Amino acid sequence: MAKEKETQKLIANNKKAYHEYFIEETYEAGISLHGTEVKSMRMGKCSIKESFIRIENGEVFVYGMHVSPYEKGNIFNKDPLRVKKLLLHKSEINKLAGKVAEKGYTLVPLQVYFKNGKVKTQVGLARGKKLYDKREAIAKKDQRREMERDFKIKNI
């Protein structure tokens with residue numbers, strides 16, 4: 001059998017999640033979408049900056065994911081902020097529900113992308129950062145940037 005090449009095209013990235021949370025585990029989930037929403041995503045019109053994930057009655061839903069209406073969709077367009085169902089295996093949902101029940105854990109969407117023609121999202125099991133953790137991360141990033149700048153100047 002020929003090995004199929006997996007193609008991924010990034011639609012939306014949630015950089016804010018990495019700043020606000022420690023990401024401990026990641027999962028890949030499908031998203032239940034309507035036709036015009038998929039067409040809109042093909043054009044890159046999706047935002048997950050303010051979105052979050054909840055588990056309700058053994059099902060996983062993403063809230064606040066904004067999918068802009070498709071221009072040629074007229075009456076078939078859905079509400080841009082409607083709640084979308086995430087598709088995960090039952091064992092993964094049970095594991096995540098157990099972790100989220102612990103204090104300090106939450107689920108956040110990290111990326112939305114196309115994988116072999118299907119829309120997928122990367123879900124992160126996250127623990128909130130304190131203010132001093134954020135300051136520490138910013139200081140490390142600045143230090144790394146300065147080191148790269150110094151290295152670049154020395155090699156010119």
Side-chain angles (χ1 to χ4, degrees), residues 1-134 136-138 140-141 144:
M1 273 194 242
K3 196 173 188 182
E4 287 186 35
K5 195 170 95 174
E6 287 188 2
T7 56
Q8 285 191 359
K9 180 190 169 209
L10 187 66
I11 302 168
N13 197 359
N14 192 355
K15 292 180 183 177
K16 186 178 175 186
Y18 290 99
H19 179 70
E20 299 283 329
Y21 303 101
F22 292 114
I23 308 300
E24 304 209 346
E25 290 181 46
T26 59
Y27 296 89
E28 184 178 72
I31 308 175
S32 179
L33 296 171
H34 291 278
T36 56
E37 291 176 320
V38 176
K39 289 181 177 189
S40 183
M41 283 194 172
R42 286 205 188 283
M43 298 171 70
K45 306 241 171 130
C46 176
S47 174
I48 56 172
K49 281 186 173 41
E50 299 296 322
S51 58
F52 59 96
I53 297 172
R54 281 197 184 139
I55 300 174
E56 297 169 354
N57 302 326
E59 295 180 326
V60 184
F61 297 97
V62 62
Y63 291 84
M65 176 189 278
H66 187 279
V67 179
S68 298
Y70 183 58
E71 291 117 30
K72 299 176 182 117
N74 57 43
I75 62 166
F76 300 106
N77 280 331
K78 300 291 179 190
D79 177 31
L81 289 172
R82 80 176 181 88
V83 178
K84 293 156 193 68
K85 184 176 177 180
L86 295 182
L87 309 171
L88 285 162
H89 291 283
K90 194 58 116 179
S91 60
E92 290 178 324
I93 294 172
N94 291 338
K95 184 178 177 185
L96 287 172
K99 287 281 193 176
V100 170
E102 291 178 29
K103 190 178 179 209
Y105 282 103
T106 187
L107 294 172
V108 290
L110 302 174
Q111 291 181 339
V112 178
Y113 52 90
F114 278 104
K115 183 175 180 182
N116 296 333
K118 293 181 174 53
V119 180
K120 303 282 185 181
T121 184
Q122 188 178 40
V123 176
L125 180 66
R127 193 169 35 93
K129 282 186 180 179
K130 303 277 189 252
L131 181 63
Y132 58 84
D133 291 328
K134 293 178 192 176
E136 191 176 299
I138 291 170
K140 282 182 183 177
K141 194 185 294 183
R144 184 180 50 86

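Bear in mind that the values here come from a model prediction, so they are computed numbers and not experimental data.
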Considering non-hydrogen atoms only, spot the tightest contact between [X] and [Y] and give its length.
| X | Y | result |
| --- | --- | --- |
| Val123 | Ala29 | CG2-CB, 4.2 Å |
| Ile31 | Met65 | CD1-CE, 4.0 Å |
| Met41 | Cys46 | CE-SG, 3.7 Å |
| Arg82 | Leu33 | NH2-CA, 3.9 Å |
| Pro109 | Thr121 | CB-OG1, 4.1 Å |

Exercise for review: For Lys120, check salt bridge (charged side-chain N to carboxylate O under 4.0 Å, His left out) against everything at least two apart and list the hits.
Suggested key: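 Testing Lys120 for salt bridge (charged side-chain N to carboxylate O under 4.0 Å, His left out), a comparison that skips the adjacent residues, returns none.
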
Exercise for review: Say whether, by atom type as modelled, one donor and one acceptor occur between the side chain of Lys9 and the main chain of Arg42 under 3.5 angstrom.
Suggested key: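 Here the side-chain-to-backbone pair exists.
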
Point to revise | Set of side chain to side chain contact (heavy atoms under 4.5 Å, CB included) partners for Phe61, sequence neighbours left out | key: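 Listed in chain order: Glu56, Glu59, Tyr63, Val83, Lys85.
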
**Study point:** Which residues share a side chain to side chain contact (heavy atoms under 4.5 Å, CB included) with Ile23, sequence neighbours left out
**Key:**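 Per chain and number, Ile23 pairs via side chain to side chain contact (heavy atoms under 4.5 Å, CB included) with Tyr18, Tyr21, Thr26, Val108, Leu110, Ala126.
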
**Study point:** Pairs involving residues 23-35, ordered by first then second residue, that meet salt bridge (Lys or Arg N to Asp or Glu O under 4.0 Å) (sequence neighbours left out)
**Key:**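 Pairs touching residues 23-35 that pass the test: Glu24-Arg127, Glu25-Lys95, Glu28-Lys115.
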
Exercise for review: Enumerate the residue pairs fulfilling ring-ring contact (aromatic ring centres under 6.0 Å, His included) with a member in residues 92-124, sequence neighbours excluded, ordered by first and then second residue.
Suggested key: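 Residue pairs with at least one partner in residues 92-124: there are none.
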
Without placing hydrogens or testing angles, list every side-chain donor-acceptor pair under 3.5 Å for residues 86-93, not counting sequence neighbours.
| unit_1 | atom_1 | unit_2 | atom_2 | d |
| --- | --- | --- | --- | --- |
| Glu92 | OE1 | His89 | N | 3.3 |

